[in-house]
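A short worksheet on the structure shown next.
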Amino acid sequence: MILAFDIGNTNVSAGVYDVGRRGGFVSHWTLRRPPRAGRTWWKELTVLVCAEAGVDPMDLAGCVVSSVVPAVRKVLPGVLGKLTGSAPLFVSGALPLGLRLAYDDPGLLGADRVCAMLAAVRKYGSPVIVVDCGTAITFDAVARPRKHIGGMIAPGISMSAAALGHGTAALPSVEREWSIPASPASPASPASAAGTDTVGGIRSGVWFGAIGCVRENVGELKAIVGQSATVVGTGGDAPALMKAAGLFDVLDPTLVLEGAVLAWRVTSRRRAGSR
């Protein structure tokens with residue numbers, strides 16, 4: 001079994017993946033990451049995820065991390081090394097994973113985006129467009145065969161609302177007022193597109209702005225890779241956007257984690273082949 005982490009700017013997803021007969025995740029957690037998560041927090045999370053899967057951390061075949069938070073590299077290797085007895089693999093676009101990345105410097109492409117594309121191509125083929133709706137909304141398009149043609153980065157829903165509050169003198173910060181039962185970090189769809197007060201105007205503007213952003217950006221990418229491209233939604237806000245506007249062909253909440261596992265397996269095979 002493999003322990004995988006997807007560490008974003010706001011949330012952390014962690015899971016234990018059974019690469020044997022069963023396949024898939026036997027445990028999976030998603031939770032908000034404390035801004036100053038230290039060794040104790042990461043150790044407790046690792047132990048809980050492994051306990052739910054019924055596996056001793058020392059019995060894991062390996063561990064892999066997709067992270068867009070540089071500070072994590074200072075803490076997590078020591079924690080995981082002590083718990084599992086092996087160093088974690090940090091996914092990077094610089095690794096030879098079988099994708100032809102369009103970035104001038106592939107190492108600068110976010111690990112979460114690399115993992116999401118890797119899993120999307122494996123599961124849904126190409127052409128495929130991945131939309132990751134988190135703190136930022138990222139878009140990546142992969143044409144045949146496994147060729148990344150580039151992508152987009154837009155502010156996420158909560159980030160857009162926060163920017164209005166922080167960047168203006170009179171507008172309030174409203175992102176904390178939004179919640180839906182399925183995802184506390186996500187906003188609920190406003191009752192009306194026409195807000196009747198300042199908060200309502202911000203809510204509707206940001207919400208429908210995000211829907212329009214996803215719809216328009218996907219359309220622009222389809223014009224490049226083909227109208228037949230499968231659109232895959234992932235990330236914390238994807239379920240709410242899917243429910244409200246049906247923006248994706250597929251909703252895949254564990255896409256990045258699955259891609260991290262694939263990166264570990266590809267890298268492990270290459271290591272074994274070089275011996």
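Keep in mind the model is a prediction, meaning the values are calculated, not measured.
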> Where do Ala119 and Leu262 come nearest, in terms of heavy atoms and distance?
Replying inline: CA-CD1, 3.7 Å
>> Can you give me the closest heavy-atom contact between His148 and Ala141, atom names plus distance?
In response: CD2-O, 3.3 Å
> Can you name the closest pair of heavy atoms from Leu247 and Val231 and give their distance?
Replying inline: O-CG1, 3.9 Å
> Looking only at heavy atoms, which two atoms of Cys133 and Phe248 are closest? And how far apart?
Replying inline: SG-CZ, 3.9 Å
> Any donor and acceptor pair, going by atom type alone, linking the side chain of Ser27 with main-chain N or O of Val49 inside 3.5 Å?
Replying inline: yes
> What closest approach, in Å, do Pro96 and Val266 show between heavy atoms, and which atom pair accounts for it?
Replying inline: O-CG1, 3.8 Å
Side chains of residues 68-85: which donor-acceptor pairs under 3.5 Å do they make with residues two or more places apart or in other chains?
from, atom 1, to, atom 2, distance (Å)
Thr84, OG1, Leu80, O, 2.6
Thr84, OG1, Ser86, N, 3.3
Thr84, OG1, Ser86, O, 3.1

> Going through the distances and angles, do Thr234 and Val232 end up as a side chain to side chain contact (heavy atoms under 4.5 Å, CB included)?
Replying inline: CA-CA 7 Å; Thr234 192; Val232 185; 5.5 Å; no
> Has Lys123 got more than 12 heavy atoms of other residues, nucleotides or ligands less than 6.0 Å from its NZ?
Replying inline: yes
> With a 4.5 Å limit on heavy-atom distance, are the side chains of Leu89 and Leu95 in contact?
Replying inline: yes
>> Strictly by salt bridge (charged side-chain N to carboxylate O under 4.0 Å, His left out), give each pair with a member in residues 130-146 just once, sequence neighbours left out.
In response: Arg113-Asp140
> Which distance, rounded to the nearest 0.5 Å, do you find between the NE2 of His28 and the CG of Asp6?
Replying inline: 8.0 Å
> Is Ser66 reaching over with its side chain to a backbone N or O of Asp112, donor-acceptor style, under 3.5 angstrom?
Replying inline: yes
> Between Val218 and Ile129, what is the shortest heavy-atom contact and its length?
Replying inline: O-CD1, 4.0 Å
> Is Lys222 atom NZ crowded by more than 12 heavy atoms from other residues, nucleotides or ligands, each under 6.0 Å away?
Replying inline: yes
> Under 3.5 Å, side chain of Arg33 to main-chain N/O of Asn9, donor-acceptor pair present?
Replying inline: yes
>> Run the side chain to side chain donor-acceptor pair (under 3.5 Å) test on Asp249 and Tyr124 for me, step by step, so that the C-alpha distance in whole Å, both residues' side-chain angles and the decisive distance to 0.1 Å come before the verdict.
In response: CA-CA 10 Å; Asp249 296 316; Tyr124 310 109; over 6 Å; no
> Got more than 12 heavy atoms from elsewhere within 6.0 Å of CG, Asp104?
Replying inline: no
